[in-house]
Amino acid sequence: MTQNEQPARTRFAPSPTGYVHIGSMRTVIFNWLWAKHTGGRFLLRIEDTDRNRYVEGAEEQLKESIRRMGIEWDEGPDVGGPFAPYKQSERLALYHTYAEELLGKGHFYKCWCTPERLKQVNEEKQARKEPPGYDRRCRKLSAEERAAQEASGKPHVIRMAVPLDGETVVNDLIRGPIRFQNALQNDPVMIKSDGFPTYGMAAIVDDHEMQITHVMRADEWIATSPLHVLLYQCFGWEQPVWVHLPNVLGPDGKKLSKRHGDTSITDYLDKGYLPEALLNFLALIGWGYDETTEIMTRDELIERFTLDRISPSGGVLNIEKLNKFNGIYIRQMTPAELTEQLLPYLAEAGLVSAEPTAAERARVEELVPLIHERLVVLSEAPELLRLFFETPTTYDQALLVPKKLDAVTTAQALTTATAALRDAPEWEVATIEARLRALTEELGLKVGDLFMAIRVATTGSKVSPPLFETLHALGRDETLARLERATASLGSVSAGP
RNA sequence: GGCCCCAUCGUCUAGCGGCCUAGGACGACACCCUUUCAAGGUGUAGAUCGCGGGUUCGAAUCCCGCUGGGGUCACCA
């Protein structure tokens, strides 16, 4: 791109309040891709400055989610780095040092207004149809008043004294300059009364300290970004490149949230969407390489990812397309690889033991080719493979008897087929096929009718992997037993009135 | 409501003044292959580039207005 491509330092800075949703993961991916593309570093920083929203285990879950996607941070919790700690609750002293500095320069001021007063001010403003916001009372305190408040020792917050006029320009890389009137901004709280910094304070101090070169974050941060620019100006620090990413939207075109259902990245992973497929798919929401290329490996993505190709508009997550991608990636795996991935799902369904034995593993691997190209998502495997582990118990007569045939004819056909298969010289796919095809002529049945009757008789369903392979995998004894059972169920019908 | 962002087939997108009678992908539909389902192959439909003005010899591409959608207005991030 036109931008210099010096090694970038990017970061994903979530607050540990819950799971990582699919939109956040897309943000992670963009940050990570850009760092890797430029040969830079991707950091993870935990923004736990709101003790009211602390969620037990959220940090671990968050790290786990990112790792399951095959993404590692070069600096951050667990791995450390030159700017440790990477958790804001452990960096409190730093924020205070900087707050003191700006307090001294007059860019920050202490505010003793209580939440109750703030609320009241807002209500009054609302009543007067004025925009809500702090009235800056403490900013206008006289020296004596300030000294009095100071002496009282009452709890206070520290606010930034936003310029009363002029404008602040946020230079967003993909949107260009965005202008904001300073007069319309509020004096934001920088340090809360509990001594913790707010996002605006902590993020800017840390981004500067950690030498972040590109701040890539979700769209919704645009509105508060002028405050961040202002803070950089107060400190006299060089700003990072601002890159506000378009949102990943729900089917209704609104910001993705819990009400849209499975928005947690782990839900997708648990369902059996492959990390590679998810990565590829997510990279394509809000970014595109060229006119035709869509399927790209991790390395190709890294190689090709540039900021100038990020689009400014949000995109709806197209699950059908994700499914397609997942199928493509599944088909790229070897049977052995697929087997490994499938075992946990089969174990959960009770089809193999929790600690699969070598025999079970081998059995699954020989079955895998039968469903390989039919799998969309890993979790579908148990249903597709169940017929090889459990004998169908009931037969739907309507399914078993081909449309143009009756029960008696079908039973006879099945009986003949059973005999033919019993007599087959050996149990090979080609042999089974030869026998059965010959049968259609002998019986004068249509290929589809005979095969379908056998399919339903042996699998209990009209949909299955290819018949001959299926019978072969079932084994002769099991095949014959199922055939006989099905035939018997038909007999009871034909014996009826 | 104020401020801000966005606007190409149903969806994800290509397009950065002439290559566009707008390309690709998913989905849909049809056909081929075929023992079912898939996979694969071929093809069809689908976007007056949100609307209206400009600028220009020429606009999806630049400018303005409108409309629509979204975001944000906390001692949350």
Side-chain angles (χ1 to χ4, degrees), chain A residues 13-17 47-50 52-53 111 113-115 118-119 122 126 129-134 155-159 170 172 175 178-181 184-186 188-200 202-203 217-226 244 246-249 251-255 281 284-295 308-309 311-325 327-328 331 371-376 384 433 436-437 440 446-456 459 461-468 470:
Chain A
S15 62
T17 52
E47 310 233 334
D48 56 347
T49 55
D50 185 356
N52 293 320
R53 293 212 303 171
C111 170
C113 293
T114 62
L118 258 26
K119 196 178 168 207
N122 268 332
Q126 299 277 36
K129 298 274 192 216
E130 286 175 25
Y134 179 51
H156 64 275
V157 302
I158 297 177
R159 291 178 183 271
V170 178
D172 184 87
R175 284 159 241 274
I178 305 174
R179 301 170 180 286
F180 296 87
Q181 294 300 312
L184 265 23
Q185 301 294 341
N186 271 303
V189 171
M190 298 279 96
I191 302 287
K192 297 179 261 190
S193 55
D194 64 0
F196 277 65
T198 54
Y199 171 85
R217 53 176 13 174
D219 238 352
E220 67 246 33
W221 287 104
I222 291 181
T224 34
S225 59
H244 289 99
N247 272 133
V248 176
L249 280 14
D252 57 1
K254 288 193 167 62
K255 198 169 97 169
F281 174 75
L284 256 21
I285 296 182
W287 177 82
Y289 179 55
D290 63 10
E291 294 201 3
T292 54
T293 313
E294 295 212 306
I295 299 298
D308 59 338
R309 299 194 67 86
S311 76
S313 56
V316 174
L317 190 150
N318 183 176
I319 194 74
E320 297 291 346
K321 189 162 180 169
L322 206 209
N323 286 339
K324 180 70 174 186
F325 272 41
I328 290 173
R331 272 169 250 130
I371 62 163
H372 203 147
E373 67 187 22
R374 271 156 268 262
L375 260 190
V376 171
L384 294 177
E433 172 162 10
L436 260 19
R437 283 202 189 279
T440 61
K446 285 168 72 177
V447 175
D449 286 343
L450 206 224
F451 290 0
M452 184 53 83
I454 298 176
R455 181 191 316 284
V456 174
T459 70
S461 165
K462 287 187 86 157
V463 178
S464 80
L467 225 214
F468 318 123
T470 300

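So you know, we letter chains A, B, ... as the sequences are listed, proteins then strands, and number each from 1.
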**Report entry** Non-hydrogen atoms of A:Phe180 and A:Ala223 that approach each other most closely
**Finding:** CE2-O, 4.4 Å
Report task. Report yes or no: is there a donor-acceptor pair, N or O only, under 3.5 Å between the side chain of A:Ser313 and the base of B:C6? Result -> no
Query - Minimum-distance nucleotide (side-chain atoms of A:Pro312 versus B:U13, B:A7, B:A14) - result: B:A7
Query raised in the report: Touch check for A:Thr293, heavy atoms < 4.0 angstrom, all strands: base, sugar-phosphate only, or nothing?
Result: nothing
Report summary line: Against the side chain of A:Ile285, the closest entry in B:C5, B:A77, B:U13 is B:U13
Query raised in the report: In whole angstrom, what separates A:Tyr199's OH from B:A74's P?
Result: 17 Å
Query raised in the report: For B:A77, does OP1 or OP2 lie under 4.0 Å from any side-chain N or O of A:Lys192?
Result: yes
Report task. Look at the side-chain N and O atoms of A:Arg179 and state whether any lies under 4.0 Å from the OP1 or OP2 oxygen of B:C4. Result -> no
**Report entry** Most 5' of A:Gly315 and A:Gln181 on RNA chain B, judged by nearest nucleotide
**Finding:** A:Gln181
Query raised in the report: Partner of B:U72 by Watson-Crick or G-U wobble geometry, both contacts under 3.5 Å, or none?
Result: B:G2
Report task. Under 4.0 Å between any heavy atoms, over every strand shown, what does A:Pro465 touch: base, sugar-phosphate, or nothing? Just pick one. Result -> base
Requested in this report: Answer yes or no: side-chain N or O of A:Glu220 and base N or O of B:G70 forming a donor-acceptor pair under 3.5 Å.
Outcome: no
Query - 5′-ward residue of the pair A:Pro246/A:Leu118 relative to RNA chain B - result: A:Pro246
Report summary line: From the candidates B:C26, B:U36, B:G71, the one with an atom nearest any side-chain atom of A:Lys321 is B:C26
Requested in this report: Describe the nucleic acid contact of A:Gly286 in one word from base, sugar-phosphate, nothing, applying a heavy-atom distance below 4.0 Å.
Outcome: sugar-phosphate
Query raised in the report: Got a salt bridge between A:Lys324 and A:Glu294, using NZ or NE/NH1/NH2 to carboxylate O under 4.0 Å?
Result: no
**Report entry** Rounded distance [0.5 Å steps], CG in A:Leu322 versus CG in A:Leu317
**Finding:** 6.0 Å
Query - Polar side-chain contact A:Arg374-B:C37 base: donor and acceptor under 3.5 Å - result: yes
Query raised in the report: Contact class for A:Arg217 (heavy atom, under 4.0 Å): base, sugar-phosphate, or nothing?
Result: nothing
Query - Given B:C75, B:C26, B:U35, the nucleotide with the shortest approach to the side chain of A:Asn318 - result: B:C26
Report task. Using a heavy-atom cut-off of under 4.0 Å over every strand shown, decide if A:Lys324 touches base, sugar-phosphate, or nothing. Result -> sugar-phosphate
Query raised in the report: Just checking A:Arg455: base, sugar-phosphate only, or nothing, at a heavy-atom cut-off of under 4.0 Å?
Result: base
Query raised in the report: Under 4.0 angstrom, heavy atoms only, what part of the nucleic acid is A:Pro16 near: base, sugar-phosphate, or nothing?
Result: nothing
